[in-house]
Amino acid sequence: RHRGMWDTARERMRIAVISDLHIGADEFLPTGFGEFLDHLEQEYEEIILLGDVFECYSPALPWRALAEYDRLVRLHRNITDRFRSAKYTLLSGNHDMVLRRARGIPSRTERVHNGYRILLSHGHENESAFGSAVKVRLVELYMWLAYRLKRVRLPALYDWSYRMDYERNMKDGGAAHVEAARRLVRGGYDVVVFGHTHVERHVELREGGTYINTGDCVRRRMYASLDLERRECALFEFRGQRVATEQER
């Protein structure tokens with residue numbers, strides 16, 4: 001399920017955004033995640049899951065990605081049952097893009113309050129590898145193979161792929177994503193929020209807008225805090241009962 005634009009009768013003023021949990025990946029750490037969600041649910045009116053929430057690249061067969069998603073939802077019900085509540089909005093990313101095709105869950109949405117406009121997107125569409133439907137399906141097939149080899153202790157293809165991805169898209173600080181945010185700000189948005197890169201960023205753009213990257217929640221507990229009433233945004237890391245600010249890090 002997903003919710004798109006505001007329910008105007010119940011405007012949300014404070015939003016938490018998390019991305020790149022990769023539930024189902026070997027690296028995902030579920031311990032303490034319920035406490036993290038407790039904190040967000042207490043402090044925020046809405047929680048947006050900004051894609052790559054599930055790891056659907058590694059089913060037994062490449063055409064079984066949707067079945068893999070359903071299996072992960074059942075397996076991690078102590079977490080995923082929360083996502084069904086009205087507080088949560090689920091978006092798709094490149095690792096769970098099967099949700100967009102099969103369930104109509106988009107990879108982007110926006111929030112507007114008193115002329116303050118926020119665009120929220122997983123961000124993979126900023127990279128050339130996802131520039132067409134054909135490329136997307138080829139990437140999915142390639143990554144399925146890389147993940148299957150990794151699972152049988154042959155990680156060379158997987159490791160090479162991520163080294164190449166870093167060289168192409170992140171070695172320069174994620175310039176393609178910053179430039180995409182800059183274009184969106186020129187198009188009228190005040191804040192642009194991406195995930196995907198697993199590298200958190202808070203950039204005040206020369207155009208006057210703000211670019212936020214939420215980092216990841218695979219083993220960490222990173223999130224973006226958006227206050228629409230005060231027109232404020234920040235990054236935080238939840239560490240048990242203590243929340244670290246950008247300045248503390």
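- In terms of heavy-atom proximity, Ser225 sits nearest to Phe236 at CB-CE1, 3.6 Å.
- Atom CZ of Arg151 is surrounded by more than 12 heavy atoms from other residues, nucleotides or ligands within 6.0 Å.
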(message) Please evaluate residues Arg182 and Glu207 with respect to the criterion salt bridge (charged side-chain N to carboxylate O under 4.0 Å, His left out), reporting the C-alpha separation (whole Å), side-chain torsions for both, the decisive distance (0.1 Å), and the verdict.
(response) CA-CA 7 Å; Arg182 186 172 285 116; Glu207 290 78 359; 3.1 Å; yes
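- By the criterion of side-chain heavy atoms lying less than 4.5 angstrom apart, applied directly or through intervening Ile, Leu, Val, Met, Phe, Trp or Tyr residues, Val152 is grouped together with Trp160 in one hydrophobic cluster.
- Annotation: side chain of Glu43 is not in contact with side chain of Asp38 (no heavy-atom distance under 4.5 Å).
- Distance check, rounded to the nearest 0.5 Å: OH of Tyr142 to CG of Leu145 gives 8.0 Å.
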(message) Let's go through Ser161 and Arg163 carefully: what are the C-alpha distance in whole Å and the side-chain angles of both, what is the deciding distance for side chain to side chain donor-acceptor pair (under 3.5 Å) to 0.1 Å, and is it a yes or a no?
(response) CA-CA 5 Å; Ser161 299; Arg163 285 198 304 272; over 6 Å; no
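- Atoms CG and CG, on Asn114 and Leu228 in that order, are 9.0 Å from each other to the nearest 0.5 Å.
- The hydrophobic cluster containing Val178 also contains Phe194, counting ILVMFWY residues as joined when their side-chain heavy atoms lie under 4.5 angstrom apart, directly or transitively.
- Around CZ of Arg100, the count of heavy atoms belonging to other residues, nucleotides or ligands within 6.0 Å does not exceed 12.
- If you check the side chains of Glu200 and Thr214, you find no donor sitting under 3.5 Å from an acceptor.
- Between Ser19 and Gly215, the shortest heavy-atom distance links the atoms OG-O, 3.4 Å.
- For an aromatic pair to be called close, the ring centres must be under 6.0 Å apart, and His39 with Phe238 satisfies this.
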(request) Any chance you could lay out the salt bridge (charged side-chain N to carboxylate O under 4.0 Å, His left out) test for Arg74 and Asp81, step after step, and finish with the verdict? (result) CA-CA 9 Å; Arg74 294 191 300 271; Asp81 278 356; over 6 Å; no
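- Side chain of His122 to backbone of Leu50: a donor-acceptor contact under 3.5 angstrom is found.
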(request) Begin with the C-alpha distance, continue with both residues' side-chain angles, and end with the deciding distance and a verdict on salt bridge (charged side-chain N to carboxylate O under 4.0 Å, His left out) for Arg111 and Glu46. (result) CA-CA 11 Å; Arg111 298 291 180 263; Glu46 183 180 17; 2.9 Å; yes
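- No chain of hydrophobic side-chain contacts below 4.5 Å, direct or via other Ile, Leu, Val, Met, Phe, Trp or Tyr residues, connects Met170 to Met143.
- Under a 3.5 Å cut-off, the side chain of Asp52 and the backbone N or O of His95 do form a donor-acceptor pair.
- Panel note: side chain Asp96, backbone Val53; a donor-acceptor pair is recorded below 3.5 Å.
- For the side-chain contact (heavy atoms from CB on, under 4.5 Å) criterion with Val192, the lone passing option out of Leu120, Val203, Val185 is Val185.
- Salt bridge status for Glu229 with Arg14: absent, with no side-chain N to carboxylate O gap under 4.0 Å.
- Side-chain contact annotation: Tyr189 with Glu110, donor-acceptor N/O pair under 3.5 Å present.
- No donor-acceptor contact under 3.5 angstrom links the side chains of Thr80 and Arg82, judged on distance only.
- When side chains are defined from C-beta on, Trp63 does not count as touching Val98, because their heavy atoms never get closer than 4.5 Å.
- Of all heavy-atom pairs spanning Cys56 and Ala65, the tightest one is O-CB, 3.7 Å.
- Judged by distance alone, with hydrogens and angles left aside, the side-chain atoms of Arg201 form a donor-acceptor pair with the main-chain N or O of Gly173 at under 3.5 Å.
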(request) Dump the intermediate steps for side chain to side chain contact (heavy atoms under 4.5 Å, CB included) on Ile47 and Glu41, then the final yes or no. (result) CA-CA 7 Å; Ile47 302 162; Glu41 289 171 7; 3.7 Å; yes
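- A donor atom on one side chain and an acceptor atom on the other are found under 3.5 Å apart for His196 and Asn94.
- Taking CZ of Phe54 as the start and CZ of Phe83 as the end, the distance is 5.5 Å to the nearest 0.5 Å.
- Within 6.0 Å of CZ on Arg137 lie no more than 12 heavy atoms contributed by other residues, nucleotides or ligands.
- Atom OG1 in Thr109 sits 11.5 Å away from atom CG in Leu90 (nearest 0.5 Å).
- Contact of the Tyr69 side chain with the Leu72 side chain is not registered, since no non-hydrogen atoms from C-beta on lie closer than 4.5 Å.
- One hydrophobic cluster holds both Tyr223 and Ile79 under the rule that ILVMFWY side chains link at heavy-atom gaps under 4.5 Å.
- Using a 4.5 Å heavy-atom cutoff, the side chains of Tyr88 and Leu37 are in contact.
- Two residues are said to be in side-chain contact when any heavy atoms from C-beta on lie closer than 4.5 Å; Glu55 and Ile23 fail this criterion.
- Taking the six-membered ring wherever Trp is involved, the centroid distance between the rings of His198 and His22 falls below 6.0 Å.
- Between the NE2 atom in His76 and the CZ atom in Phe33 there is a gap of 11.0 Å [rounded to 0.5 Å].
- Of all heavy-atom pairs between Met222 and Phe36, the closest is O-CZ, 4.0 Å.
- In this structure, Arg239 does not pair ionically with Glu35, as no charged nitrogen and carboxylate oxygen lie closer than 4.0 Å.
- Two residues are said to be in side-chain contact when any heavy atoms from C-beta on lie closer than 4.5 Å; Val139 and Phe130 meet this criterion.
- Taken from CZ in Arg186 to CZ in Arg183, the straight-line distance is 7.5 Å, to the nearest 0.5 Å.
- The shortest heavy-atom contact between Arg108 and Ser121 is CB-CB, 3.6 Å.
- Residues Tyr166 and Tyr162 place their aromatic rings such that the two centres sit no closer than 6.0 Å.
- Salt bridge annotation for Arg206-Glu179: absent, with no cationic side-chain nitrogen under 4.0 angstrom from a carboxylate oxygen.
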(request) For His113 and Ile118, run side chain to side chain contact (heavy atoms under 4.5 Å, CB included): C-alpha distance rounded to whole Å, both residues' side-chain angles, the deciding distance at 0.1 Å, then the answer. (result) CA-CA 9 Å; His113 177 68; Ile118 301 176; over 6 Å; no
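- Side-chain atoms of Thr210 do not come within 3.5 Å of backbone N or O of Val191 as any donor-acceptor pair.
- Here Lys171 pairs with Glu167 in a salt bridge; the nearest charged N to carboxylate O distance falls below 4.0 Å.
- A salt bridge is absent between Arg220 and Glu237; no separation between the charged side-chain nitrogens and carboxylate oxygens falls under 4.0 Å.
- In the hydrophobic clustering of this structure, Met164 groups with Tyr147; members are Ile, Leu, Val, Met, Phe, Trp, Tyr whose side-chain heavy atoms approach within less than 4.5 Å, directly or through other members.
- The nearest pair of heavy atoms linking Leu40 to Ala16 is CD2-CB, 4.0 Å.
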(request) Just do the side chain to side chain donor-acceptor pair (under 3.5 Å) check on Asn213 and His177 with the steps written out, would you? (result) CA-CA 9 Å; Asn213 193 294; His177 301 278; 5.7 Å; no
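- A donor-acceptor pair under 3.5 Å is formed between the side chain of Asp190 and the backbone N or O of Arg117.
- Contact annotation: the side chain of Leu21 approaches that of Cys217 to within less than 4.5 Å [non-hydrogen atoms, C-beta and beyond].
- Contact annotation: the side chain of Tyr44 never approaches that of Leu226 to less than 4.5 Å [non-hydrogen atoms, C-beta and beyond].
- Under the 3.5 Å distance criterion, the side-chain polar atoms of Arg148 are matched with a main-chain donor or acceptor of Ser58.
- The closest donor-acceptor contact from the side chain of Glu27 to the backbone of Leu29 lies at 3.5 Å or more, if one exists at all.
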